[in-house]
Structure formats: structure tokens, C-alpha cells
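Just so it is clear, the values below take in all heavy atoms, side chains as well, and ignore hydrogens, waters and symmetry mates. Naming: A, B, ... by sequence-line order, numbering from 1 per chain. Keep in mind the model is a prediction, meaning the values are calculated, not measured.
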Amino acid sequence: MKSPSSPAGEAEARAIQDELRARVVLDEPGPPPGTGLVTGVDVAYDDARDLVAAAAVVLDAATLAVVEEATAVGRVAFPYVPGLLAFRELPTVLAALESLSADPGLVVCDGYGQAHPRRFGLASHLGVVTGLAAIGVAKNPFTFTYEQPGPHRGAVSPLLDGAGEEVGRAVRTQDGVKPVFVSVGHRVSLDNACAHTLRLAPGFRLPESTRRADALCRRALREAVGAGFGTGA
DNA sequence: GCGACAG
DNA sequence: ATCTTGTCGC
């Protein structure tokens with residue numbers, strides 16, 4: 001039982017990240033934007049009942065039509081700690097992904113990949129554990145800095161860490177709307193990650209993959225609570 | 001030492 | 001993440 005999926009504490013979780021980080025692949029371009037399948041994943045919480053619901057929504061990358069959906073419900077296994085988000089979200093997300101019959105293709109995560117204090121955010125962790133190509137699209141820049149991209153859709157600017165290294169990009173997906181923060185997870189180049197993000201967000205700030213997964217996991221959580229998942233044995 | 005900090 | 005009314009606008 002090496003590299004346990006549920007670490008006992010924060011120190012162990014960081015040690016797991018440091019160990020798994022060596023397996024991240026950064027020299028593959030990944031699937032060409034607009035081809036094959038793209039899968040969005042997201043989770044919703046009910047802290048009072050200690051429940052977490054995850055959703056995986058598979059889209060046709062060319063048309064953005066929904067190909068397949070899956071959900072999973074479980075118990076929260078780890079608290080929210082900045083930098084350790086994967087340990088909170090991944091167990092349930094993996095359960096949802098495993099119940100898909102389609103090959104997920106490129107996985108789009110709600111959070112970061114390489115833009116992470118130890119270069120091993122949620123998207124990199126998911127990619128290494130599953131072997132799938134993965135990217136992270138986050139709504140906030142976390143501790144990283146960036147210059148405002150141009151005002152129009154498609155404008156980008158580097159997302160920089162404290163040493164001035166580019167760990168991702170701020171990508172303007174809609175005219176005059178706050179950018180999203182894209183970083184590589186596993187087996188995808190940063191250029192392709194940004195291109196995928198733009199294609200996935202033709203009409204809204206966030207990628208359709210993320211929007212669909214967000215709506216689905218919220219619904220799954222409501223239904224789980226309604227069915228009494230938080231109650232007795 | 002304290003605060004900030006993806007979701 | 002989540003708690004939450006009305007309101008502005010296409």
C-alpha cells in the first residue's frame with residue numbers, strides 16, 4: 001500500500017505530492033483542440049452532513065454536445081487546505097470518472113495543475129493517478145501574479161510565481177470579463193491548454209465542461225440529501 | 001509569529 | 001465551497 005489515497009494529515013499529504021510530482025509528464029502536446037472528447041469534473045459539498053458529490057460530464061470537443069454524464073457521492077475525507085485541494089476532491093471525482101463507459105479524453109479540472117506551491121495541483125494529481133491528459137482552469141489567481149490581458153476574448157498574459165517563472169496563463173474568454181487562470185496538469189502543453197479553454201468557452205467566462213459539471217454535481221448533491229444519504233446507517 | 005491562500 | 005433578494009439586461 002504505497003502512496004495512500006487518504007493521507008492521515010497535512011504533512012503526509014505534502015509528502016505524497018512530492019513523491020507523485022516526479023510522474024508528471026510535461027513534454028507532450030496533448031490532444032489537438034476541437035477533436036475527440038473533453039470531460040469536465042467538479043464537486044459540491046454539504047459540510048453539515050459531511051457529504052461530497054462529484055460529477056463528470058463528457059463533451060464532444062467539436063460540438064460541445066454532451067456525450068455522457070456520471071456522478072458519485074461520498075463522505076468528505078479531507079479538510080480544505082490551500083495547496084492540498086486534491087485530497088479533498090479527488091476520491092469522489094475518481095469514482096465518477098471510473099463509472100463512465102466513454103474514454104474521458106482530456107479532463108478539465110476546476111482549479112490548478114502546475115500553478116501550485118509544489119507544482120502539483122489538482123489537475124496534475126488527477127492526471128498522474130489516471131494517466132489521462134488534464135488541465136486546470138481556475139477562477140482565481142491564488143498567490144500568483146499576472147498583468148491584465150488585453151480586453152478582448154483570446155487575449156492572454158503569463159501567470160507568474162514568486163521567482164518570475166510562468167506557471168500558467170490568464171486567459172480572457174469573453175470581451176471585458178475577468179480572465180480565467182489556466183495551467184497544465186499532465187500530458188498537455190500550455191499553448192494547447194489555453195486553446196482548449198478558449199474553444200470550450202464560446203459564450204461564457206467558464207468552459208462549458210466546467211459549467212455542465214458544476215450544475216450536475218449540485219443536482220447530485222441535492223438528490224443525495226433528499227434521498228437521506230446524510231442520515232442514519 | 002501572522003496573514004494570505006485553488007475549492 | 002457556501003450562506004442569499006432583488007435587480008439589471010439580453
Side-chain angles (χ1 to χ4, degrees), chain A residues 7 10 13-14 16-17 20-21 24 40-57 71-97 107-128 134-146 159-162 166-171 173-186 190 193-194 197 202-207 209-222 224-225 230:
Chain A
E10 297 183 20
R14 290 193 187 88
I16 291 171
Q17 291 182 328
L20 293 181
R21 185 179 50 230
V24 176
V41 295
D42 195 15
V43 303
Y45 301 98
D46 185 320
D47 288 323
R49 296 181 183 73
D50 206 43
L51 288 178
V52 53
V57 179
T71 61
V73 177
R75 282 291 167 69
V76 177
F78 203 84
Y80 170 63
V81 180
L84 300 178
L85 185 61
F87 297 99
R88 180 169 170 81
E89 306 212 331
L90 229 42
T92 319
V93 166
L94 293 177
L97 279 175
V107 179
V108 180
C109 299
D110 204 355
Y112 285 124
Q114 292 295 288
H116 179 273
R118 286 170 296 283
R119 292 290 187 282
F120 197 70
L122 178 61
S124 294
H125 200 141
L126 184 151
V128 163
I135 67 174
V137 180
K139 298 181 282 296
N140 298 288
F142 201 14
T143 57
F144 304 100
T145 59
Y146 68 103
L159 187 65
L160 306 173
D161 70 7
E166 182 180 46
V167 295
R169 265 173 216 157
V171 178
T173 55
Q174 300 295 319
D175 288 2
V177 170
K178 176 181 174 176
V180 296
F181 304 91
V182 177
S183 63
V184 166
H186 184 59
L190 183 53
C194 293
T197 300
F204 297 94
R205 176 183 178 230
L206 296 178
S209 42
T210 299
R211 291 165 44 80
R212 293 304 246 278
D214 180 77
L216 182 57
C217 69
R218 289 181 196 235
R219 175 153 56 90
L221 183 62
R222 282 199 313 271
V225 170

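If you measure from atom CG of A:Asp110 to atom P of B:dA6, you get 12 Å, rounded to the nearest angstrom. Nucleotide C:dC3 holds its P atom 11 Å from the CZ atom of A:Arg49, rounded to whole Å. The distance between atom CZ of A:Arg218 and atom C1' of C:dC3, rounded to the nearest whole Å, is 12 Å. Separating the CG atom of A:Leu90 from the P atom of B:dA6 is a distance of 18 Å, rounded to the nearest angstrom. Atom pair A:Asn140:CG and B:dC5:P shows a separation of 9 Å (rounding to whole Å applied). The OH atom of A:Tyr80 sits 4 Å away from the P atom of B:dA6 (whole-angstrom rounding). The distance from atom CG of A:Leu85 to atom C1' of B:dA6 is 6 Å, rounded to the nearest whole Å. The CG-P distance, from A:Leu221 to C:dT2, rounds to 8 Å in whole Å.
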Here DNA chain B, pairs taken as Watson-Crick or G-U under 3.5 Å and shown with ( ), [ ] when crossing and | when to another strand, reads .......
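Taking the six-membered ring where the residue is Trp, A:Phe87 and A:His125 present perpendicular rings, their angle passing 60° and hence far from 30°. The aromatic rings of A:Tyr146 and A:Phe181 lie perpendicular to each other, with more than 60° between the two planes, well past the 30° mark.
In this structure, A:Asp42 does not pair ionically with A:Arg212, as no charged nitrogen and carboxylate oxygen lie closer than 4.0 Å.
Taking the side chain of A:His116 as heavy atoms from C-beta on, and the options B:dG7, C:dT2, B:dA6, the nearest nucleotide is B:dA6.
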